[in-house]
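For reference, the structure is listed below as structure tokens.
Throughout, a chain's letter reflects where its sequence line sits, starting with A, and its residues are numbered from 1. As the structure is a prediction and not an experimental result, all values here were calculated from the model.
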Number of protein chains: 2
Amino acid sequence: MPKQPEPEQPGGAAPQAAALRLGVDRTSPVPLYFQLSQQLEAAIEQGRLAPGSLLGNEIELAARLGLSRPTVRQAIQSLVDKGLLVRRRGVGTQVLHSKVRRPLELSSLYDDLEAAGQRPTTRVLRNTVEPATARIAAALGVAEGADVRLVERLRYAHDEPMARLRNHLPVELLDCDTAQLESTGLYRMMRAVGITLHSARQSVGARAADAEEARLLGEAPGAPLLAMERTTFDDTGRAVEFGDHIYRASRYAFEFQLLVRP
Amino acid sequence: MPKQPEPEQPGGAAPQAAALRLGVDRTSPVPLYFQLSQQLEAAIEQGRLAPGSLLGNEIELAARLGLSRPTVRQAIQSLVDKGLLVRRRGVGTQVLHSKVRRPLELSSLYDDLEAAGQRPTTRVLRNTVEPATARIAAALGVAEGADVRLVERLRYAHDEPMARLRNHLPVELLDCDTAQLESTGLYRMMRAVGITLHSARQSVGARAADAEEARLLGEAPGAPLLAMERTTFDDTGRAVEFGDHIYRASRYAFEFQLLVRP
DNA sequence: GTCAAGCGTTTGTCCTGACATTTAGACCTG
DNA sequence: CAGGTCTAAATGTCAGGACAAACGCTTGAC
């Protein structure tokens, strides 16, 4: 059956966006492109825009919504950057099949666990100020021997130890209240005092647990541990934190999604 | 010293871009915004644009280059997305201090090692077609028991074993030449046949080596290993590969940089 | 029958213009 | 001298138009 009039639904990749209830509120302070991208993202998330279906051409979509093409393009582009859509010249914009979750965020373990419904709790083992070792000084960009705050915590999920977190941060950055450290995550505290996190350099490896680490985490000595080191930078390029963390490999693995840089 | 005429260099964040030799070639098929972003990136990389310095306002920059503001903005935006620049409304566009390398790519171990000058080599242990287990079938989205190609390789750097790589891929996707597998990476072979890699879902954990794994990698049984599972998708959302890899933790760690989603 | 050329469709790139919003600093006032 | 207020400057948002390039499909020629 080669050629039919094809009223709609050509094969399996039909433009379904026409059936979508889209519209923007021009009185809202929310940017128009953002309103649109959120509506499209919600439609994809809920399956109202089927994977593989075409979005319909930008010009017509813009006309239908009473927007200009650049605005519509900006909305679409943001979803392309998130990995939800794929554009192909001469073809159209297509909803991607795969279940994209997150393109890897700079998330804290606290947020990760909370999002997974794991009821994270924290025990602060140490909260002191110590002179920086060469390793820490290099990571934070301070002088060796300079005062650096050391926060050492045990993180639990469902009252089961998951990780030992050691964070080193410049003393002047944050006054770490121990009680606050137990009730929330470190990154949240930073954001709360106006620090804009920007990027992080991470290293993920594995090693065997020594006697004390094994005791803390409830593992046998020599048990494999996931080890992560992370230096976090704010949007001025300043290192705001150096973390040295170990996780029980029997209980935890890093999961993330990543996109190919186009 | 509150107020000085300040002819230039206000503090430590002066607009230095004025001294830059920028210019675009309108006869080139390379997009103008891309030419500009490459020149800016090179200038940042080489330190000709000092970290912390301002880029100067977009309007003037556009006028100086004979470009429109949207074009200049597009160039700047691509560098913001790469994490090299930070824009702040009312302030300007600033070069970031930190040494951003890569925002985490979907890289193969082969490319990683080659980029590090490690002379990677490969030994193919197995290159067969087998029925898919439940785990593999679920990852690839094929029926359980369906034919799936299994490629098992040992990866060396400087003639030292680094990792055992097990890849499972749909048979129809690629005819895997063993000789080719030894001389290059799997991802390169995929790209060569027109597969556009799009995203991957990864899980990184740790576990102890069993007897055979230890023998292959030259480690002691029970030694900690880095374990990674990865499902790779192309731009149609189709799963093109499921990998199940182990790395010697004594020799290898994952390093990457990641950006905060704004 | 097969392959190549042509055509319409769709996104990619680029331009010009306008107004809104935010920030930092200067200014003025109490 | 401290405080808020106003202003200039910069990026953020949005519109509307034009042409170029690539893709898929149809048509045509051999």
Could you work out, with ring pair (Phe, Tyr, Trp, His ring centres under 6.0 Å) as the rule, every residue matching B/Tyr33, not counting sequence neighbours?
none
Could you name each residue pair satisfying salt bridge (charged side-chain N to carboxylate O under 4.0 Å, His left out) that touches residues 32-41 of chain A, not counting sequence neighbours?
A/Glu41-A/Lys82
Below 4.0 angstrom from OP1 or OP2 of C/dC14, is there any side-chain N or O of B/Tyr33?
no
Would you say C/dC15 has OP1 or OP2 under 4.0 Å from some side-chain N or O of B/Thr71?
yes
All N/O pairs under 3.5 Å across the protein-nucleotides 16-19 of chain D interface:
unit_1 : atom_1 : unit_2  : atom_2 : d
D/dA18 : N6     : A/Arg69 : NH2    : 3.3

Does B/Gln39 reach the main-chain N or O of B/Gly23 with its side chain, forming a donor-acceptor pair under 3.5 Å?
yes
Distance check needed: C/dT9 C1' versus A/Arg87 CZ, whole Å only.
15 Å
Separation of A/Leu85 atom CG from C/dT10 atom P, in whole Å?
16 Å
I need the full list of side chain to side chain donor-acceptor pair (under 3.5 Å) pairs touching residues 65-75 of chain B, with sequence neighbours left out, sorted by first then second residue.
B/Glu58-B/Arg69, B/Glu58-B/Arg73, B/Ser68-B/Thr71
Side-chain donor/acceptor of B/Gln202 to backbone N/O of A/Leu258, under 3.5 Å
no
For a quick test of reading the model: is some side-chain N or O of B/Arg73 closer than 4.0 Å to OP1 or OP2 of D/dG12?
yes
Could you state the CD1-C1' distance from B/Ile59 to D/dG12, rounded to the nearest angstrom?
11 Å
What are the atom names and distances for every N/O pair under 3.5 Å that joins the protein to nucleotides 7-10 of chain D?
unit_1 : atom_1 : unit_2  : atom_2 : d
D/dA10 : OP2    : B/Asn57 : ND2    : 2.9

Starting at CG of B/Leu54 and ending at C1' of C/dA24, how long is that distance when rounded to a whole Å?
12 Å
Set out, in order, the CA-CA distance, both residues' side-chain angles and the distance that settles side chain to side chain contact (heavy atoms under 4.5 Å, CB included) for B/Val260 and A/Thr196, then state yes or no.
CA-CA 9 Å; B/Val260 175; A/Thr196 308; over 6 Å; no
Any B/Arg26 side-chain N or O less than 4.0 Å from OP1/OP2 of D/dA20
no
Gap between atoms CD and P, on A/Gln74 and D/dT13 respectively (whole Å)
6 Å
Interatomic distance where CG belongs to B/Leu36 and P belongs to C/dT13 [whole Å]:
14 Å
Rounded to whole angstroms, how far apart are CG on A/Asp25 and P on D/dC14?
12 Å
Nearest-nucleotide check on DNA chain D, B/Ile76 vs A/Leu32; residue mapping nearer the 5' end is B/Ile76
Please give, in whole Å, the distance from C/dT10 C1' to A/Gln94 CD?
13 Å
Criterion ring-ring contact (aromatic ring centres under 6.0 Å, His included) on A/His198 and A/Phe233, from CA distance to verdict:
CA-CA 6 Å; A/His198 177 268; A/Phe233 302 91; 8.7 Å; no
Between A/Gln77 and A/Arg87: side-chain donor-acceptor atoms closer than 3.5 Å:
yes
Could you tell me which residues satisfy salt bridge (charged side-chain N to carboxylate O under 4.0 Å, His left out) with B/Arg89, sequence neighbours excluded, listed by chain and number?
none
